[in-house]
Amino acid sequence: MFVCMYKFGYPILHIQINVASSLWDPSLVISIHIVSLVNPPRSLRHLSIIYIYIEAGAMENAEELFRVAVIGSGNWGSVAAKLIASNTVKQSMFHDEVRMWVFEETLPNGRKLSETINQENENVKYLPGIKLGSNVVADPDLLNSVKEVNMLVFVTPHQFVEGICKRLVGNIRPDAEAISLIKGMEVKTEGPCMISKLISEMLSVNCCVLMGANIANEIAVEKFSEATIGYRQDKEAAQRWARLFSTPYFLVSAVPDVEGVELCGTLKNVVAIAAGLVDGLDMGNNTKAAIMRIGLREMKAFSKLLFSSVKDSTFFESCGVADLITTCLGGRNRRVAEAFARSGGKRSFDELETELLQGQKLQGVSTAKEVYEVLRNRGWQSLFPLFTTVHEISIGLLPPTAIVEYSEHARNLNLLQGAVQLH
Ligand SMILES: NC(=O)C1=CN([C@@H]2O[C@H](COP(=O)(O)OP(=O)(O)OC[C@H]3O[C@@H](n4cnc5c(N)ncnc54)[C@H](O)[C@@H]3O)[C@@H](O)[C@H]2O)C=CC1
Ligand SMILES: O=C(CO)COP(=O)(O)O
């Protein structure tokens with residue numbers, strides 16, 4: 001770039017040569033600047049090259065920056081926006097602004113949720129007391145929220161994703177990429193469909209997943225935790241997602257196993273329902289640990305039967321055993337299931353969800369139903385006694401106490417091991 005200007009009464013030539021991209025941040029450009037007097041008077045000839053300096057600066061072309069939208073603004077959606085916003089202001093490869101699509105609601109005081117978020121920089125309904133970052137912009141208009149965006153973060157309860165994607169078809173950038181933080185699955189007539197696959201197929205985008213031991217309220221107050229990104233082939237995209245989410249208190253690693261990571265996040269919610277039932281029955285820690293162990297075994301077997309590519313090592317990442325533990329100890333699925341067991345199964349999960357979670361959504365009960373459909377369609381019910389029992393308890397077919405009646409399933413558990421070894 002050449003610029004000619006007048007300063008101190010003399011014409012000055014400023015030459016900027018961009019020589020390379022920085023290794024640690026591709027959006028940083030290293031430039032050499034030569035600033036010189038043009039045709040200086042004899043007395044200033046010794047200053048004809050005034051100075052040369054090297055600079056590392058942000059790319060000037062704003063179109064090249066990655067623009068992020070968070071689709072969803074619940075408890076985890078809001079924390080995800082906060083994490084991302086803290087990084088986009090610091091890393092020059094990202095545009096500062098983070099748009100957050102809000103499923104619009106009118107609050108009890110008559111104000112709109114999206115307006116309140118923008119005025120107070122806080123999601124007063126789903127994450128009260130936490131500032132999101134002044135660069136988070138709430139938008140109730142889905143299509144506007146994704147305008148010019150090339151990094152789409154999906155984080156809504158899983159039952160709403162298909163409807164959202166239908167509205168997005170044809171309305172996103174062709175070079176957009178996506179990540180799903182959603183724990184859940186859909187069951188179609190042709191079989192189970194993971195949410196990342198649904199997003200990927202409906203929108204023709206590459207879709208990674210991010211799952212982990214991530215109780216949103218704890219990360220909101222910046223307590224240390226870890227998460228796992230699952231990716232298919234595009235390691236570079238996975239690394240970009242990791243940069244977008246990682247902070248000193250939120251450590252993100254990536255593994256090439258999308259289905260394994262996503263199934264861990266999805267299935268542990270069913271086990272958390274079982275753990276909550278155990279709490280509601282006052283069975284104690286040994287029983288809960290037993291349920292978690294049996295649950296982990298069924299998670300692994302189910303995942304491997306559906307996708308032979310799923311890796312054993314994935315179950316030892318944050319998305320696996322760590323998320324199982326935290327959700328069984330402190331999650332919403334556990335809490336509502338405990339209340340269900342304490343009512344002797346007399347109050348429905350729907351009623352308890354509305355009362356205890358006030359707009360937040362349970363994923364475990366619907367996931368148990370979806371898993372059950374897969375088991376029934378494939379004749380695998382007897383191989384997965386925990387998953388089957390959780391569903392049958394949740395629809396009132398069995399009492400909550402059935403969660404610990406395992407002795408008669410012993411034979412089937414052995415069968416399960418055999419079935420998995422076949423793969
Ligand atoms: N909250 C947590 O600690 C964590 C949640 N997750 C996962 O993140 C996903 C999203 O959960 P949260 O952000 O916690 O949500 P949430 O359960 O706190 O809130 C429910 C959200 O659904 C929205 N909603 C209600 N009706 C809707 C509709 N018809 N269409 C679209 N949206 C609608 C609400 O506006 C609200 O934003 C879930 O899959 C969950 O399993 C994952 C890790 C941690
Ligand atoms: O997924 C979670 C933690 O990683 C949150 O689980 P709950 O939805 O049960 O709160």
Compute whether any side-chain donor of one residue and acceptor of the other, for [X] and [Y], lie under 3.5 angstrom apart.
X: Gln358; Y: Tyr126; answer: no
X: Thr106; Y: Lys112; answer: yes
X: Arg376; Y: Gln381; answer: no
X: Thr88; Y: Asn135; answer: yes
X: Thr327; Y: Lys268; answer: yes
X: Asp257; Y: Thr314; answer: yes
X: Tyr231; Y: Gln239; answer: no

>> Using salt bridge (Lys or Arg N to Asp or Glu O under 4.0 Å), reason through Lys125 and Glu105 one step at a time and then give a plain yes or no.
In response: CA-CA 10 Å; Lys125 175 157 182 189; Glu105 302 178 43; 2.6 Å; yes
Distance-only, no hydrogens or angles: does the [X] side chain make a donor-acceptor pair with backbone N or O of [Y] under 3.5 Å?
X: Asn171; Y: Arg167; result: yes
X: Asn123; Y: Asn75; result: no
X: Asn150; Y: Phe66; result: no

Is any side-chain N of the basic residue among [X] and [Y] closer than 4.0 Å to the acidic one's carboxylate O?
X: Lys197; Y: Glu186; answer: no
X: Lys188; Y: Glu162; answer: yes
X: Arg335; Y: Asp279; answer: no
X: Glu298; Y: Lys300; answer: no
X: Glu259; Y: Lys304; answer: no
X: Arg342; Y: Asp282; answer: yes
X: Arg240; Y: Glu177; answer: yes

> What's the verdict on salt bridge (Lys or Arg N to Asp or Glu O under 4.0 Å) for Lys82 and Glu222, showing C-alpha distance, side-chain angles and the deciding distance?
Replying inline: CA-CA 10 Å; Lys82 175 183 185 275; Glu222 307 189 359; 2.7 Å; yes
> Parallel under 30°, tilted from 30 to 60°, perpendicular over 60°: which one fits the rings of Trp380 and Phe302?
Replying inline: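 It falls in the perpendicular class, over 60°.
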> Are Gln159 and Gln363 close enough, and set up right, to give a side chain to side chain donor-acceptor pair (under 3.5 Å), and what steps lead you there?
Replying inline: CA-CA 9 Å; Gln159 55 269 40; Gln363 303 285 269; 3.2 Å; yes
> How long is the span from the CG atom in Asn217 to the CG atom in Leu127, to the nearest 0.5 Å?
Replying inline: 6.0 Å
> Between NE2 of His158 and CG of Asn269, what distance do you get to the nearest 0.5 Å?
Replying inline: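 Atom-to-atom, His158:NE2 and Asn269:CG are 9.0 Å apart.
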>> Show me the pairs that pass side chain to side chain donor-acceptor pair (under 3.5 Å) and involve residues 201-213, at least two apart or across chains.
In response: none
Report, as yes or no, whether the 6.0 Å neighbourhood of atom [atom1] on [X] holds more than 12 heavy atoms from other residues, nucleotides or ligands.
X: Asn286; atom1: CG; result: no
X: Phe316; atom1: CZ; result: no
X: Asn109; atom1: CG; result: yes
X: Lys131; atom1: NZ; result: yes

> Does the gap between the ring centers of Phe349 and Phe340 come in under 6.0 Å?
Replying inline: yes
